[in-house]
Each structure stands twice: as C-alpha cells, then as structure tokens.
Amino acid sequence: MINFERDKDITSFTTFGIPVKAAIFAEYANERELLAISRSPEWLENDVLHIGGGSNLLFLHDFDGLILHSGIRGIKRYEKDDDTVFVIAGAAEPWCEFVDWCVAQGLAGLENLAGIPGEVGASAVQNVGAYGVEAGELIHSVECFDTHTRRTVTLSREECRFGYRDSMFKREGCNRYYVLRVSFKLHPSDVASNTTYGPLHRLEETLGHIPSPAEVLAEVKRIRDSKLPDPALIGSAGSFFKNPVIGKFHFNELSSILAEEGLEIPHYPQPDGNVKLAAGWMIEQAGLKGHSIGGAQVYPKQCLVITNRGDASASDVARLADFVADSVQSRFGIRLEREVNYIDTSFTFRMLGSGTSKGVPEIGCKCQVCTSSDARDKRMRCSALITTAGMNILIDPSPDFRQQALEAGIRSLDAILITHSHFDHIGGLEDLRPLIGEHDVPVFVREDVADDLRRRLYYLFRDDRPLYPGAAPLDLHVISDAPFTIGPLTVEPINVLHGKKPIFGYRIGEFAYITDAKRIEEEEREKLHDLRLLVVNALRDRDHFAHFTVAEALELIAEVKPEHAVLTHFNHDIGLHKDISLRLPENVEPGYDGLQITL
Ligand code: EPU
C-alpha cells in the first residue's frame, strides 16, 4: 500500500533549505511499489517530478503535483577479477556515505568525489564531478524504471551519454527514466586513481608518494570545507552555474583583452580543442563576491555558489542568479548557463509578433490600419516566447526577432521550435547569436525545414566543425510528428496544412500554438482538445488559399473549445485592433505584439 502524503513539506528534500511544499508526495521502497505508483490516479492525473537529494534544485513555487522520491538503499560488491570490483548502490544511498564506504573497502576511483551532497541516483543524472574526476567515468551501468514501458531496463555507460554536468537523463530521458540503482566499476588499490587536480598533485609532492584513496578523500574534504558552505549549516545547491566552455578562437580573443588589464583567467583546455573557463573567477572579477539580494548571497569563499543566508526566498535566489549572469555577460561577453534546475510549473506565453509575412504597417501603405497610431496595430512578423520550467522557448525566430527580443527583454534562449521555413518564420535565425551563449541550443524542425535551412544557412548548419567562430551554436534536431521532450516538457507536434504545404503547430501541456494553417485534418484536431490556451492564425475576413480567415479560425475554436483563444498572423485587412474584439466570442481575443498570458 503506497502512502501518498498530501500538502507535504519537502524543504528537507532540498539543500537550499527554502520552504517548499508538494501537493502530493510518495516514497517507494522497491520496483514493485514504483510500478503500483505509476498506475495510480495520483501519477496519471498530475505533473510528476522525481527528486533525489535535492542538491541541484530550486523550487520557484510550491509544487502542484506528485513528487516522487526513491527509498531504494543497499550497497553490494561483486569481485570480477583481481583488478575489478563492481559496486552496485541503491539510488537513495547518500553519495557522501557511499564514497566513504568504497574507500573504506580499499577501492579506488571515487575518492575525488568525496563530500558531495546528494544521492547516488543523482550522480548518474547529473554526472557529478570534482577535482579531476566525473562519476560517469566510473559508472558501468544504470538500472532504471522506464516510465514509458513500465519495465526495468539497464542502460550502459555509453547509453547514458555523459557530458560535463550532463547526461541523457537530463535531456531526452528526462521524466522517462527513474534511476533505481547505479553500478560502478572500481578497482582495489592502495593508490589514488587521479591526482591531476593542482592541490592533489601538491599533496603527492608533500607526501613524497602517490597518496592512497583515503588520503585523497581526506584532502578533498579539507579543500571542500575551506571553500564550500557546510550543507548542514548553510543552504545552497553547490555550484549555481556551469563553467563555460568556449572555442579556442574566442578564448584567444578574450585572453588578449584581459591581458591588457593584466588579468589571466583560470582556464582548462579540453580534449576537443575548446577551453573551459572558471566561472567563479569571472563572478569575482565582476565585483560580486558577497553580493546579496534579499536573503540570497554570492558565497564570498567561492563565488560560483549562491547561498541562502537563512531567510532567502526562491525569487531572491533567481533574481541574484539573473543579476550575476547579466553582470558576467556585461563584463566578459559570456552568458553563464545555470547548473541548478529551476522547478517552475507556471507557464507564460508572450506574443512577440502578431503580423503576417509583410508585417503591419505594410511598406508604403496609407490605409487606416497602416497609419493607425494605436501601438496594437503595429504588428511585427509572427513569433512567440514560452517561459516555463525555468526555460525560454522561442517559437519561430521572425525577421523582426532582434527588435522583439529587445522589447521583451529576452536575455537567453533554451530551445527553439520552428513551424516551417517560410522567411517570415525563420528570418531571425542569424540574429539569435547574442542569446545563445556558448552552449548548443536545440532547434526542433521538420525534415524538410532542416534541408531548407542547411541549404539557405549553410554556414550555420553544416555538419563539419568547427563553425566560423562568430556563428551561433544552433543544434538542429529533426523531429517527426511524435511527441518529444525539452528538459521536463513534452511537446506534441500538430500536423497542419499551409495551403498544400504540411507544417507543424505545437502543443505543450494545456497550450497550443498554430500558425499559417489553412486546414487541419480531424485526427490532428483531436490533439487540440482540453486546452486552456489556443493561439491560432486568422489572416483577415476574405478567403486566402493558405491561411485561415477569422471565420475559419473561429470554427476551429468552436470545435475544440479551449478555455481561451488568441488570434494571430493578421494582415492590414483585419481592421483596427480596437474593432476586432467587438466581433469575437467572449473567450477569443485578437493578439497584439507584447500580449502576455500566464496560465
Ligand atoms: N575562483 C576564483 N574565485 C572564486 C571561485 C573560483 O577566483 O570565487 C578560481 C579558483 O581560484 C580557481 C578556479 O577559479 O583558479 C576554479 O575554482 P575551483 O577549483 O574552486 O573550481 P570551480 O571550477 O569553481 C568546479 C566544480 C565544483 C568542484 C570544483 C573542484 C563546476 C560547475 N563546479 O568548481 O563542483 O567542486 O570544480 O573540482 O564544475 C558543484 O558542482 O556543486 C561543485 C561544487
């Protein structure tokens, strides 16, 4: 019998120590209980979030859904041969105690990862790393519950696709796989495995011999104690940002600018030729050591960490993090990427542009709409921004995107959805550069759109690397009409016809965005039921071969019955904005540039 706890205080399941509650909470002791949970109404009817030790999470609000936590404990060792020992640990084992246990067993490999808060399960999700070692290097396989098939699967290290603070569990496997147990491949040894990190190398010199795993363990704990807040006393989530990795060309340019100021940035050349930079140093150089907003503070001994001074709210932490990222960007031209996951179930839609391909006013036109002084009659080309789960997702970078981004104050993008490759929906791709930062941003496209983009913007989307140094690192993901994920979100493509051309609309939860539709087959219209917000194109009243008229858009709305609908993609024939709403049903409003709706 599963114990679903209601209105549960889950503060102690996070290391920030900021008060937070979950509508429902359940902990399972084994796979059987997890299977039962996955068939329960609590799981089927709610947003579900699986957490570990909460050492990398910031809840922006109370969680209005089901929080799951593993209670699977236990550590077992299996000798393969004299040189290899497999250690399998339950996901809920505290990481720190697990590493101590391995070292006490005379096993080498994990000692550099001593003292890290969190649980064993998260070590695989997050690929925890410190002092020259990453957990992924030692993970042999990960046993998971696959929520799609409700079966237990074992994924090899290769299948986990570990990267710097990254794995497929954070990307396409997010919300699909729950880690049950992790198997590590270690070896019995009196000497530590890796002393390449400066202070550990110095320890070797001081001792006059290669230190034992126990000596490294003790030294790592000493270094951590001197730099990082004690999780038992001060709330934090460890490093708040990732260390940025930049191209060699960019690095040379940055170092020569800094050299003129007599500065040298701590940096670590990577095997692929790129260079990793110390974000903590950049934050300190931006003058933010000890800087605080409300109860949140940049930790003075290690600026990469944001702490809760006791009374911080999640919004204090988020505001401070934005301030840090903005300040570093102004000082060094590099946008820091968060390591901490924001848990945010709120959903905001912002209409960046509501106009058809020529925009309104049309160049040279003197009609009453094109000469109107009402700001809502000025319609840039169609584009939208979704903000949820701590991410900014852009739908269609229109040719007016630069202006739209400036007006909306957009500072970063996490993913881009493209409906089709007509110029008015992709013309802004080359202007995304300042918002992309150093990390590859996924651009989700149909196959025909990918082909078109590779042809039209060859310098951005060619396969052979490196790209021209100034090119934005956009990463094309070709999608079919099957649902796909962006972090914790599931996105469902909707097939619509733009004249005769098949293009995509998108549904995310209770929101859907359809533009440039002329026809939607019945099967696809089925995907548009139970929406809280539908945004749909309505060019004008007169018929058009490729776009819905207002009447056609209203027909769709009447059929699928969203709670609320917004019309978009207007041309100047639509009339003055102030007049449009007068002839629309109560739950339908005409969109305008800058319209923002929070669900
Ligand atoms: N530095 C400063 N000022 C600061 C912080 C750092 O000048 O406020 C300089 C240091 O002097 C050093 C360089 O930046 O020259 C790097 O600092 P450090 O060795 O402390 O490591 P880090 O790059 O800031 C990363 C991990 C830590 C991990 C350490 C040690 C990330 C995001 N963080 O920090 O991981 O413990 O290396 O390997 O990669 C965590 O993930 O929560 C975490 C603490």
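Just follow the structure's listing: the first ligand is 1, and inside any ligand the first atom is 1. Numbers for residues simply follow the sequence, beginning at 1.
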Undergrad: Going by the order shown, which atoms of ligand 1 are within less than 4.0 Å of some heavy atom of Gly238?
TA: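 Answer, ordered by atom number: 42 (O).
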Undergrad: Is the closest basic N to carboxylate O distance between Glu337 and Lys242 below 4.0 Å?
TA: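 Looking at Glu337 and Lys242, the cut-off is met.
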Undergrad: Cut-off 3.5 Å, side chains only: do Gln126 and Arg165 have a donor facing an acceptor?
TA: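 Gln126 vs Arg165: no donor-acceptor pair found between side chains.
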Undergrad: Do me a favour and list the nearest non-hydrogen protein atom to atom 8 (O) of ligand 1 with residue, atom name and distance?
TA: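 That would be Cys303 N, 2.7 Å.
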Undergrad: Is a salt bridge present between Glu31 and Arg181, judged by a nitrogen-to-oxygen distance below 4.0 Å?
TA: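 Yes, charged N to carboxylate O under 4.0 Å.
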Undergrad: Check each heavy atom of Pro266 against ligand 1 and say whether those closer than 4.0 Å belong to the side chain, the backbone, both or neither.
TA: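 The side chain, only.
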Undergrad: In chain order, what residues pass the side-chain hydrogen bond (donor to acceptor under 3.5 Å, both in side chains) check against Arg338, with sequence neighbours excluded?
TA: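 side-chain hydrogen bond (donor to acceptor under 3.5 Å, both in side chains) check on Arg338 returns nothing, list empty.
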Undergrad: Answer yes or no for atom 38 (O) of ligand 1: protein heavy atom present at a distance under 4.0 Å?
TA: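 Within 4.0 Å of atom 38 (O) of ligand 1, protein heavy atoms are found.
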Undergrad: For atom 28 (C) of ligand 1, what is the closest protein heavy atom, and at what distance to 0.1 Å?
TA: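 Result: Ala130 CB, 3.9 Å.
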Undergrad: Can you confirm whether some protein heavy atom lies under 4.0 Å from atom 30 (C) of ligand 1, or whether none does?
TA: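 Answer yes: something from the protein, a heavy atom, is under 4.0 Å.
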Undergrad: Would you call Arg331-Glu261 a salt bridge at under 4.0 Å N-O?
TA: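 Salt bridge: yes.
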Undergrad: For atom 34 (O) of ligand 1, state which one of Leu277, Ile223, Leu200, Leu304 supplies the nearest heavy atom.
TA: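 It is Leu304 whose heavy atom sits nearest to atom 34 (O) of ligand 1.
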Undergrad: Measure from atom 2 (C) of ligand 1 to every heavy atom in Glu284, Arg165, Gln126 and give the option owning the shortest one.
TA: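 It is Glu284 whose heavy atom sits nearest to atom 2 (C) of ligand 1.
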Undergrad: Would you say that more than 12 heavy atoms from the other residues, nucleotides or ligands in this model lie under 6.0 Å from the CG of Asp82, or not?
TA: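 No, because the 6.0 Å sphere around CG of Asp82 holds 12 heavy atoms or fewer from other groups.
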Undergrad: Under the ring-ring contact (aromatic ring centres under 6.0 Å, His included) test, which residues partner His477, sequence neighbours left out?
TA: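 Checked His477 against ring-ring contact (aromatic ring centres under 6.0 Å, His included); matches are Phe444.
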Undergrad: At a non-hydrogen distance cut-off of under 4.0 Å, which region of Arg224 contacts ligand 1 (side chain, backbone, both, or neither)?
TA: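 Side chain only.
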Undergrad: Would you tell me whether Glu143 and Thr154 have side-chain atoms, one donor and one acceptor, within less than 3.5 Å of each other?
TA: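 No - no donor-acceptor pair under 3.5 Å links their side chains.
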Undergrad: Name the option, out of Pro244, Ala237, Ser239, Gly280, that contains the heavy atom nearest to atom 40 (C) of ligand 1.
TA: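 Closest candidate by heavy-atom distance is Ser239.
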Undergrad: Which option, Tyr197, Phe240, Tyr164, owns the non-hydrogen atom nearest atom 32 (C) of ligand 1?
TA: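 Considering heavy atoms of Tyr197, Phe240, Tyr164, the nearest to atom 32 (C) of ligand 1 sits in Tyr164.
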Undergrad: Apply salt bridge (Lys or Arg N to Asp or Glu O under 4.0 Å) to residues Asp62 and Lys21 and explain how you reach the verdict.
TA: CA-CA 5 Å; Asp62 286 344; Lys21 283 181 175 179; 6.0 Å; no
Undergrad: When you measure from atom 20 (O) of ligand 1 to the protein, is at least one non-hydrogen atom found at a distance under 4.0 Å?
TA: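 Yes, there is a protein heavy atom closer to it than 4.0 Å.
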Undergrad: Who's the nearest protein heavy-atom neighbour of atom 23 (O) of ligand 1, and how far?
TA: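 For atom 23 (O) of ligand 1, the nearest protein heavy atom comes out as Asn243 ND2, 2.8 Å.
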Undergrad: For Glu339, counting its heavy atoms only, list the atoms of ligand 1 lying under 4.0 Å from any of them.
TA: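 Taking each heavy atom of Glu339 in turn, ligand 1 has 32 (C), 41 (O) under 4.0 Å.
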Undergrad: Residue-level breakdown please: for Lys227 versus ligand 1, do any non-hydrogen atoms fall below 4.0 Å on the side chain, on the backbone, on both, or on neither?
TA: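 For Lys227, only side-chain atoms sit under 4.0 Å from ligand 1.
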Undergrad: How close do Leu58 and Ala314 get, counting heavy atoms only, and between which atoms?
TA: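 It is CD2-O, 3.9 Å.
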Undergrad: Under 4.0 Å from any heavy atom of Phe241, which atoms of ligand 1 are there?
TA: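 Ligand 1 atoms under the 4.0 Å threshold to Phe241: 32 (C).
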Undergrad: Can you figure out which of Tyr299, Tyr268, Trp281 has its heavy atom closest to atom 12 (C) of ligand 1?
TA: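 It is Tyr268 whose heavy atom sits nearest to atom 12 (C) of ligand 1.
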Undergrad: Would one find more than 12 heavy atoms of other residues, nucleotides or ligands at under 6.0 Å from atom NE2 of His61?
TA: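 More than 12 heavy atoms, drawn from other residues, nucleotides or ligands, come within 6.0 Å of this atom.
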Undergrad: Determine whether the side chain, the backbone, both or neither of Gln302 has a heavy atom under 4.0 Å from any heavy atom of ligand 1.
TA: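 Both backbone and side chain.
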Undergrad: What residue and atom, counting heavy atoms only, is the protein's closest point to atom 14 (O) of ligand 1, and at what distance?
TA: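 Checking every protein heavy atom, the shortest distance to atom 14 (O) of ligand 1 gives Ala278 CB, 3.3 Å.
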Undergrad: Checking Thr387 against Asn392: is there a side-chain donor and acceptor pair closer than 3.5 Å?
TA: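 Thr387 and Asn392 do have a side-chain donor-acceptor pair below 3.5 Å.
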